[in-house]
Amino acid sequence: AAGSDPVGPCGRRAYAPPAERKRFYQNVSISQGEGGFEINLDHRKLKTPQAKLFTVPSEALAIAVATEWDSQKDTIKFYTMHLTTLCNTALDNPTQRNKTQLIRAAVKFLETDTVCYRVEEPPALAELQRNEWDPVVAWVEKRYNVTIGSSTSILGPNIPASTKETFISHLASYNMWALQGIEFVITQLKSLILSMSLIDRHITVEKAVLLSRLEEEYQIRRWGNVEWAHDYDLCELRARTAAGTLFVHLCSESSTVKHKLLQD
Amino acid sequence: MAALGAPLRTLRALLRELRRAAGGSYRDSPAYRHVLAAFRAHRVTSEKLCRAQQELHFQAATYLCLLRSVREHEALHREYHGRGERSPQEVAGLVGFRLPQQPGGKG
């Protein structure tokens, strides 16, 4: 698509900020502006990568973002500031997708949903998948009154159109900010089913991540854990999934959210 | 609703993480005050009936997971991926050699 991934003069993608820089502020505070809550670094107002004013619709979200900024020690590690990143994405919309496109991307994941793709070998793993994944699929099927099923075929499960329609109309009830969060969680967990279970508070973040990494966990138990790889990836996935989930919930609470900012 | 355990335990762990993240003046930090106020307002106890309480508890548990995972990830990064390359002296030292001293510098 035109405009995506523009390459800057030094060869870097224009939307990629530097990985680290020195902490340049003493105090972090929150203030309430016209469009919502703003973050102040000393006397400066935080801006997005595209230089828009950083405004969030929820006070709790602003507090959490401020905490991210205040937690930085000598250097600002942007890659640990997941809530800030999510807010920047919601404000800038760098991929320039509208609500329909976001929903379509999210529901498309169902065709390659992790928990629907089953192995036949080894039998122990196949059984583990049945024991751990079947209940979650069943819960989602019941909750949304849909048929999903699972498959051992390389083509994956055959998802009925009515199932997709149900999820499309359910996701349409979320505002644009929350949708950015939902789509983010789905891409992290590689599963729409696990993401909906998580967002509906049926499972915790830790459980969702475990289920997403079920085969890895199986292999780790068989062959051993490699801390600098396995735990590293595990912690990162947990952090991102937790951030996405919190983001969705904080952007969906009608009592604390400024609706004006969230209109599509 | 997900199995979360005792709300008080989640609250304590969350406050501990906030303390770690903030450093000195954690009690004045907006996050610390907000979390305490939210728990007091909903008076999260072992009652399983109130939906708002359950939602707050889930949110607290999610935030706790975020703070904890970020801290653990950073610690792992520092330990395994943060050191950068060794200097030529260090590399030589790994196999018991020392770099030669050349008075005029390298040729």
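In the text below, chain A, chain B and the rest are named by the order of the sequence lines, each starting its count at 1. Since this is a predicted model, take the numbers as computed values, not measurements.
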Part of B:L18 within contact of chain A (heavy atom distance under 4.5 Å) = side chain
task = Answer whether the closest heavy-atom distance between the side chains of A:D70 and B:S29 falls below 4.5 Å.
result = no
task = Tell me, for A:K207 versus chain B, whether the close heavy atoms (under 4.5 Å) come from the side chain, the backbone, both or neither.
result = neither
request  = Could you tell me which portion of B:A3 (side chain, backbone, both or neither) has an atom closer than 4.5 angstrom to a non-hydrogen atom of chain A?
outcome  = backbone
message = Tell me whether A:N131 at atom CG has more than 12 heavy atoms from other residues, nucleotides or ligands lying less than 6.0 Å away.
response = yes
note = Turns out that what part of A:A243 lies under 4.5 Å from chain B's heavy atoms comes down to both
task = Check each atom of A:E227 against the heavy atoms of chain B and say whether the ones under 4.5 Å are side chain, backbone, both or neither.
result = both
ask   = Counting only heavy atoms not in A:D74, do more than 12 fall under 6.0 Å of its CG?
value = no
Largest heavy-atom contact set with chain A, pairs under 4.5 Å, which of B:E74, B:R20, B:R71 = B:E74
task = Please check if atom NZ in A:K73 has more than 12 non-hydrogen atoms from other residues, nucleotides or ligands closer than 6.0 Å.
result = yes
message = Need one label for B:A21: side chain, backbone, both or neither, based on atoms under 4.5 Å from any heavy atom in chain A.
response = both
message = Is it the case that atom CZ in B:R98 sees more than 12 heavy atoms from other parts of the structure closer than 6.0 Å?
response = no
query = Got B:Y63 and A:T67 here, is their nearest side-chain heavy-atom distance under 4.5 Å?
reply = yes
ask   = If we only count heavy atoms from C-beta on, is the A:L250 to B:Q59 side-chain gap below 4.5 Å?
value = yes
message = So, taking the atom named CD in A:E206 and the one named OG1 in B:T62, what distance separates them when rounded to the nearest 0.5 Å?
response = 8.0 Å
message = Given heavy-atom pairs under 4.5 angstrom as the criterion, report whether the side chain, backbone, both or neither of B:L64 touches chain A.
response = neither
message = Any heavy-atom pair between the side chains of B:F58 and A:L198 that's under 4.5 Å?
response = yes
query = CD of B:E90: more than 12 outside heavy atoms within 6.0 angstrom?
reply = yes
ask   = Taking all atoms of both residues into account, what is the closest heavy-atom pair of A:C235 and B:S69, and its distance?
value = O-CB, 3.5 Å
ask   = Counting only heavy atoms not in A:K190, do more than 12 fall under 6.0 Å of its NZ?
value = yes
ask   = How about A:H202 and B:M1: do any of their side-chain heavy atoms sit closer than 4.5 Å?
value = no
ask   = Side chains of B:V35 and A:I63: does their closest heavy-atom pair fall under 4.5 Å?
value = no
task = Would you mind checking which part of A:L246 comes under 4.5 Å of any heavy atom in chain B, side chain (CB onward), backbone (N, CA, C, O), both or neither?
result = both
ask   = Can you tell which of B:E55, B:E72, B:R68 has the highest number of heavy-atom pairs within less than 4.5 Å of chain A?
value = B:E55
key: Donor-acceptor under 3.5 Å (B:H81 side chain, A:W228 main chain)   = yes
key: CZ (A:F24) with more than 12 external heavy atoms under 6.0 Å   = yes
inquiry  = Checking A:L83 against B:L66 for the side-chain contact (heavy atoms from CB on, under 4.5 Å) test, could you report, in this order, the C-alpha distance in whole Å, the side-chain angles of both residues, the deciding distance, and whether it holds?
reply    = CA-CA 10 Å; A:L83 290 172; B:L66 171 58; 3.8 Å; yes
inquiry  = A quick test of your reading: do over 12 heavy atoms of other residues, nucleotides or ligands sit less than 6.0 Å from CZ of B:R27?
reply    = no
request  = For the residue pair B:H73 and A:Y79, categorise the inter-ring angle as parallel (less than 30°), tilted (30 to 60°) or perpendicular (more than 60°).
outcome  = perpendicular
